[in-house]
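Report on the structure given below.
What you see below is based on every heavy atom in this structure, not just the backbone, and it leaves out hydrogens, waters and symmetry mates. Below, chains carry the letters A, B, ... as their sequence lines are ordered, and counting in each starts from 1.
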There are 2 protein chains.
Amino acid sequence: MDESLLAPLPPFSLLKREQIRAILDHAVSRRADVGITVFNEGDAAERFFLLLDGTIRVAKVTPDGEQVTSLHIPAGQLFGIAPALGRDAYPASAISASEVLFLSWPVSLWHSFIADYPGFATETYKTVGERVAEMNTRIMEMSTQHVEQRIARALLRLVKQSGKRTDEGIEISFPITRQDVSEMTGTTLHTVSRLLSAWEKDGLVSSKRKKIVVCDAHRLVVLGGA
Amino acid sequence: MDESLLAPLPPFSLLKREQIRAILDHAVSRRADVGITVFNEGDAAERFFLLLDGTIRVAKVTPDGEQVTSLHIPAGQLFGIAPALGRDAYPASAISASEVLFLSWPVSLWHSFIADYPGFATETYKTVGERVAEMNTRIMEMSTQHVEQRIARALLRLVKQSGKRTDEGIEISFPITRQDVSEMTGTTLHTVSRLLSAWEKDGLVSSKRKKIVVCDAHRLVVLGGA
DNA sequence: CGGCAGTTTGATCCCGGTCAAAATATGTGG
DNA sequence: CCACATATTTTGACCGGGATCAAACTGCCG
């Protein structure tokens, strides 16, 4: 495990090489296939995590078994940072949305990280702030917008966060089903399917099984409502 | 301004009397009538606040002027804590939902508060954590539940947070209109009105103009879905 | 080639939004 | 204290977006 992996990431950007080395020496690394649950909502928050590669889906399950995806976490970000918010249980589950590679540390180290490494706290809370802002926006969207606009925005968010340029357009870099999109937007896979079909006919997107490519982001933005 | 006002509040509970005195000496206090905007979404985050009395409504406005209420803040809590999350602008507006009394400090003091007063940071981030959890729940509700359940839960949340026992039941302690409830639940005042009328007929609630009393919380919980 | 996971498409229904209007409080100035 | 203006609430009629139900279709993997 090389220090240069962590050096460019926000939480560690202000640290010296030997500090990063010390942090790495305490880390446990793990790889997981797509669809693996890293931790479950309600579990005792015993570790916190850093995603090195892949995408993590943060979801809650309703009493009657329906999934609701509240957030996607791209490579390079911390996740499962319950201890930073004074919680002793994870408020949601973390599931790999692709093959993933991540590090983790016991929460007992959290306070020493904060104390010993300047900038670590600041940078961490900045990502918390971004996620709060994103959740706030989601709440606003769900309250006021129609399904079509919500799906358009959801795709744009994914594309911005983890899109890969291809010759057709920008592709979402992890496998994603209609069902997944419906869980992000509070609809049904049927509605998502109908909409994507229509958009494909218009040349807005192009999708295969578990794959979505946004061809005309600009028109999608318009659909989502300036 | 007396130190004993702050002593029992979470962010200050671990501090010594003279520390609280020092904090108070830097504070500006202000009173405001109902409906006053304390700060606006997008404003430069120059101060952070502590609500001493009353209730604050946190809201965003959609591009086309519709309001969405994302949170209610009860007396005793910090608000406008953008600096804690590394933001330089407020992500939402704060409007008084009743007559309010609050203190505020310039953000420049934030870091010294954190550095000088043990427990202040921890307690602050704990409330952030609670709000994140609440927003998460809101997102889940909006995704999966029907209007009736959402309104039931919204009322229960308000009643839990700032309910006052009366002989009829538990009363929401600040003036609240059908419109307000609709902005919390992403519906229309018409639907809220119809529902409250029906519930009143069933003896679940009792409401006057700008006033809602929950008479049978238990049955409301059932309506909201275990 | 059979079977499963994911997708598409059609038909139908109903919750809750929208439009419209009246009824009821509250406040204000004369 | 009354008359009028304004804010809030109530109620009815109607309609449409999107959920639900149902069934067929299309890769893809063993």
Which atom names give the shortest non-hydrogen contact between Asp53(A) and Ala75(A), and what distance separates them?
CA-CB, 3.9 Å

Is there a donor-acceptor contact under 3.5 Å linking the side chains of Ser207(A) and Arg178(A)?
yes

Touch class at under 4.0 angstrom, heavy-atom based, for Arg209(B) against every strand present
base

So Phe12(B) and Trp105(B), would you call those rings parallel, tilted or perpendicular, with 30° and 60° as cut-offs?
tilted

Mind listing the residues from residues 185-207 of chain B sitting with a heavy atom below 4.0 Å of DNA chain D? Number order is fine.
Leu189(B), His190(B), Ser193(B), Arg194(B), Ser197(B)

Glu183(B) CD to dG17(C) P, in whole Å, measures 13 Å

Close side-chain approach of Leu158(A) and Ile212(A), heavy atoms under 4.5 Å:
no

Does a side-chain heavy-atom distance below 4.5 Å link Ile95(B) with Ser93(B)?
yes

Check against side chain to side chain contact (heavy atoms under 4.5 Å, CB included), Gln77(A) and Leu51(A):
CA-CA 6 Å; Gln77(A) 292 199 0; Leu51(A) 186 61; 5.8 Å; no

Near DNA chain D, which residues from residues 141-149 of chain A have a heavy atom under 4.0 Å away?
His146(A), Val147(A)

Considering just the side-chain nitrogens and oxygens of Lys208(A), establish if one lies under 4.0 Å of OP1 or OP2 belonging to dG27(D).
no

Would you mind reading off the distance between Asp64(A) atom CG and dA19(D) atom P, rounded to a whole angstrom?
15 Å

Grab the CD1-P distance between Ile176(B) and dT9(D) for me, whole Å please.
10 Å

Go through it in stages, so that I can follow the logic: the residues are Arg165(A) and Glu171(A), the test is salt bridge (charged side-chain N to carboxylate O under 4.0 Å, His left out), and I'd like the CA-CA distance, side-chain angles, deciding distance and then a yes or no.
CA-CA 6 Å; Arg165(A) 274 232 145 282; Glu171(A) 173 184 316; over 6 Å; no

From CZ of Arg178(A) across to P of dT26(D) the rounded distance in Å is 15 Å

Return the orientation label for the Phe49(B) and Phe79(B) ring planes: parallel under 30°, perpendicular over 60°, tilted otherwise.
parallel

